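Step one of this worksheet: look at the structure below.
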Amino acid sequence: MKLQHLNEPQRQAVMTVEDPCLVLAGAGSGKTRVITQKIAWLIRESGYRPEKIRAVTFTNKAAREMKQRAGELLGKQEARGLRISTFHTLGLNILQREHAHLGYRKGFSILDARDAEDCIAELQHKDNPEAELIKQTQWRISQWKNDFITPKQALADAENSLEQHQARVYLAYQEQLQACNAVDFDDLIMLPVLLFRQQPEVLDQWRERIHYLLVDEYQDTNASQYELIKLLCGMRQKLTVVGDDDQSIYAWRGARPENIRLLQQDFPNLKVIKLEQNYRSTSRILRVANRVIGNNPHLFDKKLWSAAGDGDFVRVLPCRNDQDEAQQVVVDIIGKHFQGTPWKHFAILYRGNHQSRLYEKLLREHSVPYQITGGTAFFERSEIKDLTAYLRIIANPEDDRALLRIINTPRREIGATTLKTLGEYAAWRHRNLGLVLHEHGLEQKLSRKAWINLQRFADWLEEKRRQAEEMDAMSLTRLLIDELAYEDWLRNTSSSQKQAESRMANVEELVSWIGNLQKQQEEPTLDRLVTQLTLMSILENSDDDKSSDSVQLMTFHAAKGLEFPHVYLVGFEEDSIPHFQCQDEEGIQEERRLAYVGITRAEQQLTISYAQTRQKYGEVIQCEPSRFIAEMPAEDLEGAEHCSDRLSPEEKKERGMNHLDNLKAMLAG
DNA sequence: ACGCCGCGTATTTTT
DNA sequence: TACGCGGCGT
């Protein structure tokens, strides 16, 4: 097989098959190309059957892209059976096969982060109604799960009353999940690991299924994900991981970039290959990026370089205030667009989602098409949660949380008193809510009216379960929407016509999503579709945005892995980046990596803007330019004079900084 | 059961 | 400023 279009280190990375391999892939160094070529190499040259190769990514989007590119390289025939998925989907696959070993029943549900939060809130409410604590407890439980600490251990190890309390909630939470035949996101990784540790013969079966493992964005793995990797590899050590410690920006979420170091310990034969040639950006942009990230400590020395020329200066735009900043950026984009640059070549990146507002407003006012990624996630919307809860309760009759969510949505006149009685009765019977709906003992405890309403609901639910056997998930969803008169209900509960329309559009999108999913799935049973759906965020659904020509708006985090010819990093101020709540040494380092990720998104031109004053919570505050600007090499910057001493408009003019003002005038005139 | 008011809070968020 | 939530009033 010819390894076309690969440089020497890339070639090495592809051909290193016998030993475990760590590829340190700098930004824009062609890591996806390496992974896909390596898969092709494994199949064509090393004799691996495609179904024995597993590639793992963090996002569905990355998995899709990799699948697509591997498919192009190999052709349909050769790629047949190749498995590329997210970590969580891998965990789900394992659980779906092995759930019985762990005490779960077929059709188990997955709680998303919000469900889990609600669940914890309820459990905690009993003895501690402090709202602040909920997120903290959820975070703690997640940490425990990542470190494989059982509730009992956590309780035993608790060092203070807070931890004791949290451990008690953890215990109750796990019991609740078990009882509902449900798992959370962390369980999808933790449970397979626990199972593999307890039952080596099951692990052996999985090692037989996966002969070669590739992991993308390795710097983002947490402790339990790494453990899963190690277990699956076993002695065979057929492993390639690709990552970049400089792009580790999820430590706050539990990612452990030090897993890169551990890899060297755990795999003494590890071959480390560095990809340092960047094919994305101009040399100037890379010099700026290198200088900034150079202020962080490093495990491995790595220096990105580019064969592209210097290119344009990196521009620094000081602005009087946030309005002015948005104005300058938008005007600049419009000006460039009319010189022939398509809208989609521009990206506006910021630290926090709220910073998009001004830009949205201005872009709308100027009729510039834009697309915004992020904000309230699709799957968190109430209409989506309602419908998926219906699907969940149909697929998994034990899913108490789903039942509670929809039993009176839309209104069925099943009120709080009825539910309380139902809950007490079910608890007394040690059975799930959904399984006692018809019981005679319950009838005794309810009023005639409540009982009738409840029976009507229970009968309807059973009818849907029967129908679910005979029809596909998409038709079932349509049937539900129809029978529930869900659109009417949305209309009645929405505050405005506009909101109602957008919610209905979301419902439509969900339906088409389910349609797509069942086409892709090998075994499109309802329960499999529902769990898969929970692992998706529909934000990434927008494959259609590639075709649409619009300015892209997103956070630095969301931009990881993407590239644009013209990038604007806006709000580049102290307390924004680095964020005011990340002031310790480690925090600053992660913020610096975040800045690095932002900088390295740019192909041709990078513009960094900051405001000197900004409206925050209704009041005007003073801002300082980010310390990261001062870290950049002055000779590659244009307009950086402003960092130390602020210039008056006259001085600005003197130094030829008024091109934006000219543009503005031009557009106004 | 619903709606309104006032208070408190304000990152990033792959699954 | 804005939004979401809890409490309270109808």
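Model, not experiment: these values are computed from the prediction. The basis for the numbers below is simple: all heavy atoms, side chains too, and nothing from hydrogens, waters or symmetry mates. Below, chain A is the first sequence line, B the second, and so on; all start at residue 1.
A:S609 is linked by a side-chain hydrogen bond (donor to acceptor under 3.5 Å, both in side chains) to A:E325, counting only residues two or more places apart in sequence or in another chain. Residues meeting the side-chain hydrogen bond (donor to acceptor under 3.5 Å, both in side chains) test with A:Q174, sequence neighbours left out: A:K145.
Using a 4.0 Å heavy-atom criterion, one finds that A:D220 contacts the bases of the nucleic acid, with or without backbone contacts as well. Among the heavy atoms of the strands lying under 4.0 Å from A:R357 are primed sugar atoms or P, OP1, OP2 only; no base atom is included. A:Y250 comes within 4.0 angstrom of a base, heavy atoms only.
In terms of phosphate contacts, A:N353 brings a side-chain nitrogen or oxygen within less than 4.0 Å of OP1 or OP2 of B:dT13. Side-chain N/O atoms of A:T89 include none lying less than 4.0 angstrom from OP1 or OP2 on B:dT15. For B:dT14, neither phosphate oxygen OP1 nor OP2 lies less than 4.0 angstrom from any side-chain nitrogen or oxygen of A:N60.
Each of A:E590 and A:E413 was matched to the nucleotide of DNA chain B holding its nearest heavy atom; the match closer to the 5' end belongs to A:E413. If A:L594 and A:A113 are placed on DNA chain B by their nearest nucleotide, the residue sitting closer to the 5' end is A:L594.
Looking at A:E563 and A:R601, no side-chain N of the basic residue comes within less than 4.0 Å of a carboxylate O on the acidic one, giving no salt bridge.
Here the side chain of A:W252 is nearest to one of B:dT14, B:dT13, B:dT11, namely B:dT13. With distances taken from any side-chain atom of A:T59 to the nucleotides B:dA1, B:dT14, B:dT11, the minimum falls on B:dT14.
Per the geometry, CG belonging to A:L535 stands 8 Å off P belonging to B:dT15, to the nearest Å. Regarding A:Q581, its CD atom lies at a distance of 12 Å from the C1' atom of B:dT9, rounded to whole Å. Rounded to whole Å, atom C1' of C:dT1 lies 12 Å from atom CG of A:L358. Atom CG of A:L95 is separated from atom P of B:dT15 by 18 Å (rounded to the nearest Å). For A:F580 and B:dT9, the CZ to P distance is 13 Å, given to the nearest whole Å. Atom C1' of nucleotide B:dT15 and atom CD of A:Q225 are separated by 9 Å, given to the nearest angstrom. Note: CZ (A:F572) to C1' (B:dT12) measures 14 Å, nearest angstrom. As rounded to whole Å, 21 Å separates atom P of B:dT12 from atom CD of A:E586.
The six-membered or imidazole ring of A:F58 lies away from that of A:H88, with a centre-to-centre distance of 6.0 Å or more.
The aromatic ring of A:H579 is stacked on the base of B:dT11, with the two ring centres less than 5.5 Å apart and the planes inclined by under 30°.
Here B:dT11 is in the syn range [glycosidic angle within 90° of 0].
If you check distances only, the side chain of A:R253 does reach the base of B:dT13 with a donor-acceptor pair under 3.5 Å.
Shown are A:I84, A:V56, A:I39; of these, the side chain to side chain contact (heavy atoms under 4.5 Å, CB included) with A:L214 is made only by A:I39.
Rounding to the nearest 0.5 Å gives a distance of 6.5 Å between CG of A:L239 and CD1 of A:I229.
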